[in-house]
2 protein chains.
Amino acid sequence: MGRRPKLLPDSNDDTRQRLILAAGELFAEKGFGDTSVRDIARMAGANVAAVNYHFTSKENLYLEVVRFVLGQMTAVRRTAMADIVPAALTQPQAVEALRVLIDREIRSYVSSDLPRWYARLILRCIMSKSPVLDPIMEQAFRPNRQALMSLLKAACPHLSDEETRLWAYSITGQIVFYNFAREPILLLAREKEYTEKFLRSVVAHITRVTFSGLGLDKHPVRRPKKQAGKKS
Amino acid sequence: MGRRPKLLPDSNDDTRQRLILAAGELFAEKGFGDTSVRDIARMAGANVAAVNYHFTSKENLYLEVVRFVLGQMTAVRRTAMADIVPAALTQPQAVEALRVLIDREIRSYVSSDLPRWYARLILRCIMSKSPVLDPIMEQAFRPNRQALMSLLKAACPHLSDEETRLWAYSITGQIVFYNFAREPILLLAREKEYTEKFLRSVVAHITRVTFSGLGLDKHPVRRPKKQAGKKS
DNA sequence: GACTTAAACAAACATTTGTTTTAAAATAGA
DNA sequence: TCTATTTTAAAACAAATGTTTGTTTAAGTC
């Protein structure tokens with residue numbers, strides 16, 4: 001099929017896309033060095049040479065994969081935030097948005113708009129100081145932190161910048177941990193997969209910790225009997 | 001020199017140990033697949049064949065490295081806990097031990113009894129579901145969680161098992177995040193290395209969040225004007 | 001000193017790696 | 001149809017990989 005002007009890198013429908021998806025999954029699971037182009041080609045149902053034909057090199061394919069994932073995540077975050085956060089943000093709205101944000105993030109570990117390996121790939125990249133760290137900083141880490149800090153500031157105007165940043169890291173750290181340490185946690189819980197019940201208790205806990213620490217709860221430290229907050 | 005009975009694996013003083021240390025550092029930094037035995041040998045100042053001579057294979061060297069690191073970490077944790085936690089634990093002692101624990105863990109990111117790459121290597125292993133996950137579970141993840149949960153239970157007898165576990169993950173998550181996401185955090189902070197000042201504020205924050213959430217602080221939620229909390 | 005053995009080393013090994021080449025197949029436009 | 005271009009496929013490539021070999025060095029034993 002010789003007609004696509006190759007202007008839009010995403011206009012490819014077939015092999016190229018399959019390669020990106022296969023490579024992404026393998027990179028996320030085993031890392032760059034432990035994944036061979038032959039594995040990628042096999043999983044994508046393509047020829048070995050296809051990698052170099054479409055991406056010129058394995059390393060370039062890696063960059064393309066990260067680019068692709070970042071694009072997807074950015075798009076989803078945009079719509080999600082637009083979905084959660086009203087245009088003009090009142091303080092109670094910010095509090096509610098914060099609650100929904102925590103809930104959504106944790107719940108994405110069992111079901112999400114995006115494939116599970118997206119986040120794992122980014123986690124991998126973040127830990128290794130690879131050249132892809134820059135785009136990840138600009139398109140994922142920084143905007144995520146920024147969005148969270150904005151919500152926190154709107155919910156708690158009395159917070160200083162430093163306190164806000166520390167809170168953002170505390171919330172993110174608690175949440176990410178369940179993704180990062182998924183295997184050990186599941187092993188100790190003797191589960192094969194995160195259960196809805198388990199994640200619900202995690203959400204309730206992190207929410208309680210956060211809101212209590214921020215002074216946003218009505219009943220200071222007392223823990224709710226049933227967790228009756230639903231929303232969405 | 002043919003005289004060492006090879007009974008004690010740690011009795012080796014020279015090449016074998018250097019190989020383990022070099023390999024560990026490289027594995028921790030770049031991962032298994034991105035590290036070649038030649039790199040390892042070069043860094044250890046040894047011959048390429050030394051790896052196979054002493055460890056029979058690269059993969060076996062990897063196992064040996066993890067074993068070694070786990071041993072070191074276990075030993076340090078034992079003495080550290082014995083140092084912190086009194087034999088018979090009163091509630092106020094548990095609270096204080098908890099405080100010291102958080103402080104020590106965070107501060108280990110800038111200076112520690114153990115080389116920095118130990119924890120990074122374990123973090124790497126935890127994220128990839130490698131065969132070394134089992135020993136890591138038994139010698140690191142589970143005992144660490146257990147120790148933390150014991151302290152929490154002693155400090156807050158009213159906590160249920162599930163609440164205790166959730167708190168352990170919350171504390172661990174917050175702490176580990178600063179190791180896991182070290183690069184991005186430092187980039188956004190425009191620092192080359194964690195500063196004492198920065199880590200002090202992190203310790204203060206995590207401690208405040210934890211103690212406030214657990215109801216262990218004297219002044220419930222009120223935040224200090226200047227962050228005058230000192231301790232230690 | 002003869003003998004043994006652990007260790008180190010350089011060289012070569014076989015395999016796997018990413019990549020290139022070459023040609024055939026597929027597709028679109030004339 | 002013919003032609004041009006893109007895509008696929010098999011094979012081969014050079015480089016790098018993990019590993020093995022044969023030899024040498026040094027230390028301990030008789």
Side-chain angles (χ1 to χ4, degrees), chain A residues 1-66 128 130-132, chain B residues 1-66 128 130-132:
Chain A
M1 3 149 106
R3 107 242 68 136
R4 189 169 28 76
K6 185 74 77 62
L7 291 178
L8 308 173
D10 68 354
S11 69
N12 243 308
D13 40 19
D14 225 22
T15 306
R16 186 187 157 93
Q17 199 66 12
R18 289 205 317 274
L19 282 174
I20 287 187
L21 294 180
E25 205 162 335
L26 291 175
F27 287 155
E29 182 182 333
K30 318 196 300 175
F32 181 81
D34 284 318
T35 302
S36 74
V37 292
R38 282 171 176 80
D39 290 339
I40 298 171
R42 186 175 324 120
M43 174 176 256
N47 191 276
V48 208
V51 168
N52 294 84
Y53 175 77
H54 286 283
F55 304 95
T56 70
S57 77
K58 180 192 178 188
E59 187 149 348
N60 206 280
L61 166 58
Y62 181 64
L63 295 179
E64 219 61 56
V65 167
V66 172
S128 312
S130 67
V132 296
Chain B
M1 354 137 121
R3 106 242 67 136
R4 188 168 30 73
K6 181 76 74 67
L7 291 178
L8 308 174
D10 69 353
S11 70
N12 244 308
D13 39 22
D14 226 24
T15 307
R16 187 187 155 92
Q17 198 64 13
R18 290 205 316 276
L19 281 174
I20 287 187
L21 294 179
E25 203 162 337
L26 291 175
F27 287 156
E29 182 182 335
K30 318 194 302 175
F32 182 81
D34 283 318
T35 302
S36 76
V37 293
R38 282 171 177 80
D39 289 339
I40 298 172
R42 188 177 321 120
M43 175 176 254
N47 191 277
V48 209
V51 168
N52 291 292
Y53 175 77
H54 286 282
F55 304 94
T56 70
S57 76
K58 181 192 177 188
E59 187 148 347
N60 206 279
L61 166 60
Y62 180 64
L63 296 179
E64 219 60 57
V65 166
V66 172
S128 310
S130 66
V132 296

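Hydrogens, waters and symmetry mates are skipped; everything else that's a heavy atom, side chains included, is used.
- No donor-acceptor pair under 3.5 Å is formed between the side chain of B:K30 and the backbone N or O of B:E25.
- Straight-line distance from the CZ atom of A:F32 to the C1' atom of D:dT17: 15 Å, rounded to whole Å.
- One finds a side-chain N or O of A:T15 lying less than 4.0 angstrom from the OP1 or OP2 phosphate oxygen of D:dT8.
- Distance, B:F55 CZ to C:dA6 P: 17 Å, rounded to whole Å.
- In this structure, A:L26 CG and A:M43 CE are separated by 4.5 Å, a value rounded to the nearest 0.5 Å.
- Comparing D:dT19, D:dT17, C:dG18 by their nearest atom to the side chain of B:N52 picks out D:dT19.
- Of the possible polar contacts, one joining the A:T35 side chain to the A:G31 backbone as a donor-acceptor pair under 3.5 Å is found.
- Taking 4.5 Å as the limit, some side-chain heavy atom of A:I40 sits within range of a side-chain heavy atom of A:F27.
- Within residues 39-49 of chain B, the residues approached by DNA chain D to less than 4.0 Å at the level of any non-hydrogen atom are B:V48, B:A49, in residue-number order.
- At distances below 3.5 Å, not a single donor-acceptor pair connects side-chain atoms of A:K58 with backbone N or O atoms of A:V51.
- Using a 4.0 Å cut-off, some side-chain N or O of A:H54 falls inside it from OP1 or OP2 of D:dT8.
- Rounding to the nearest 0.5 Å places CG of A:D39 at 10.5 Å from CD of A:E29.
- For the pair B:K58 NZ and C:dT16 C1', the interatomic distance rounds to 12 Å; values are reported in whole Å.
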